[in-house]
Amino acid sequence: MQQRDGKKSLLDGWNSPPNLVTYTRIVLVLIFLWVDIAAGPWGQRSPWMRFAAAMLFIVAASTDKLDGWMARTYNQVTELGKLMDPIADKLLICSALIVASAFGEVPWWVTALFLIREIGITIMRFFVIDTGGKVIAADKAGKYKTLTQCIGLGMLLMPVWALSSDIANPGRVAFSGGGPAFSHIGPGVPVWWFCYYSITDLLIGIALILCLYSGYVYVRNVVRARKTK
């Protein structure tokens, strides 16, 4: 499908294999949300469902590389793909962050900053398209942001606390706003819990910095592109 002026329509190539993979990722996001919510905060209701949610998250995040590789390898890069791919990523990341904050696993202010950036950039992408411009693909900072987000949230979703002997007596596993047993490291509490969740928080913090920086870069690139039109 092409426009009369010869430019490709946004819907051109909507049914290409890479785009179908992107649609599949969106469906996986919905399934992930249901399983994650059903598992409860930190997976207290069901560690196995929490583990399943983590696996779904990892699989959905991994398909981002798959559709990108397919698009480049088979020369099937489309304007719709460049638009839908980051939107699918945002749905996955933002939904995971919202549930995590609702469960007290991630501070709301962190999630709020992620959401403001992601929603703002998405609105700007639609504005660029509406005014006749081409979709600007994510830069390296944005890709690193997505990578650290996925690793950090994937680690957060994993119910690693269940590996402790305390899983035999769930009532002994203490949870706090910062994670299982975070606020009272002491006798009988594995030190690796603290180390694991500290690394998780660090990765999410790095992702937040990259998120804000890549957002600035995107806005700058859009402004430059419009000035050169």
Side-chain angles (χ1 to χ4, degrees), residues 18 22 25-26 29 32 54 57-58 60-69 71-72 77-131 133-158 177-179 195-229:
T22 302
R25 182 157 75 255
I26 294 175
V29 171
F32 154 75
F57 179 88
I58 292 171
S62 298
T63 60
D64 175 42
K65 297 299 180 183
L66 177 61
D67 57 11
W69 175 82
R72 292 187 298 271
V77 177
T78 64
E79 289 298 302
L80 181 63
K82 288 192 288 185
L83 175 66
M84 291 301 298
D85 182 58
I87 288 179
D89 292 336
K90 288 173 174 56
L91 285 175
L92 177 64
I93 297 298
C94 292
S95 61
L97 282 167
I98 290 173
V99 174
S101 289
F103 283 165
E105 301 169 4
V106 173
W108 272 111
W109 68 267
V110 172
T111 296
L113 288 177
F114 274 119
L115 292 178
I116 290 172
R117 185 273 188 191
E118 302 293 16
I119 294 174
I121 294 301
T122 300
I123 292 175
M124 181 168 287
R125 285 178 186 273
F126 281 111
F127 173 77
V128 170
I129 293 172
D130 188 57
T131 54
K134 288 187 175 182
V135 178
I136 298 177
D139 64 346
K140 287 186 177 180
K143 294 181 185 297
Y144 292 146
K145 176 265 299 181
T146 301
L147 177 62
T148 51
Q149 277 179 329
C150 290
I151 295 176
L153 289 174
M155 291 178 64
L156 181 69
L157 286 164
M158 281 291 183
C195 296
Y196 181 89
Y197 287 106
S198 292
I199 294 173
T200 299
D201 286 346
L202 176 62
L203 286 171
I204 293 176
I206 292 174
L208 179 59
I209 294 173
L210 290 172
C211 178
L212 298 176
Y213 173 73
S214 61
Y216 157 74
V217 171
Y218 184 87
V219 173
R220 184 192 64 188
N221 290 342
V222 168
V223 172
R224 286 180 178 177
R226 295 186 66 81
K227 284 183 178 180
T228 56
K229 287 183 62 176

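Quick caveat: nothing in here was measured; it's all calculated off a predicted structure. Every heavy atom of this structure was used, including side-chain atoms; hydrogens, water molecules and symmetry mates were not.
Tested against L115 for a side-chain contact (heavy atoms from CB on, under 4.5 Å), the candidates L97, I98, I93 yield a single pass: I98.
For the atom pair CG (L203) and CD (Q149), the distance works out to 11.0 Å, reported to the nearest 0.5 Å. Taking CD of E105 as the start and CG of D201 as the end, the distance is 11.0 Å to the nearest 0.5 Å. Between I199 atom CD1 and I204 atom CD1 the span is 12.5 Å, to the nearest 0.5 Å. Residue L208 holds its CG atom at 11.0 Å from NZ of K145, rounded to the nearest 0.5 Å. To the nearest 0.5 Å, atoms CZ (R117) and SG (C211) are separated by 4.5 Å. Once rounded to the nearest 0.5 Å, the distance linking SG of C94 with CG of D89 reads 10.0 Å.
Under the rule for a ring-ring contact (aromatic ring centres under 6.0 Å, His included), F114 has no partner lying at least two apart in sequence or in another chain. For T63, the side-chain contact (heavy atoms from CB on, under 4.5 Å) partners are V21, R25, not counting sequence neighbours.
The minimum heavy-atom distance linking M158 with Y197 is given by the pair O-OH, 4.1 Å. Between A88 and T22, the shortest heavy-atom contact is CB-CG2, 3.9 Å. Between L210 and A141, the shortest heavy-atom distance links the atoms CB-O, 4.2 Å. Between L153 and A96 the shortest heavy-atom distance is CD1-CB, 4.2 Å.
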Tell me, with the steps shown, if F32 and L157 meet side-chain contact (heavy atoms from CB on, under 4.5 Å). CA-CA 11 Å; F32 154 75; L157 286 164; 3.7 Å; yes

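Pairs passing the side chain to side chain donor-acceptor pair (under 3.5 Å) check and including a residue from residues 95-104, sequence neighbours excluded, read S101-T111.
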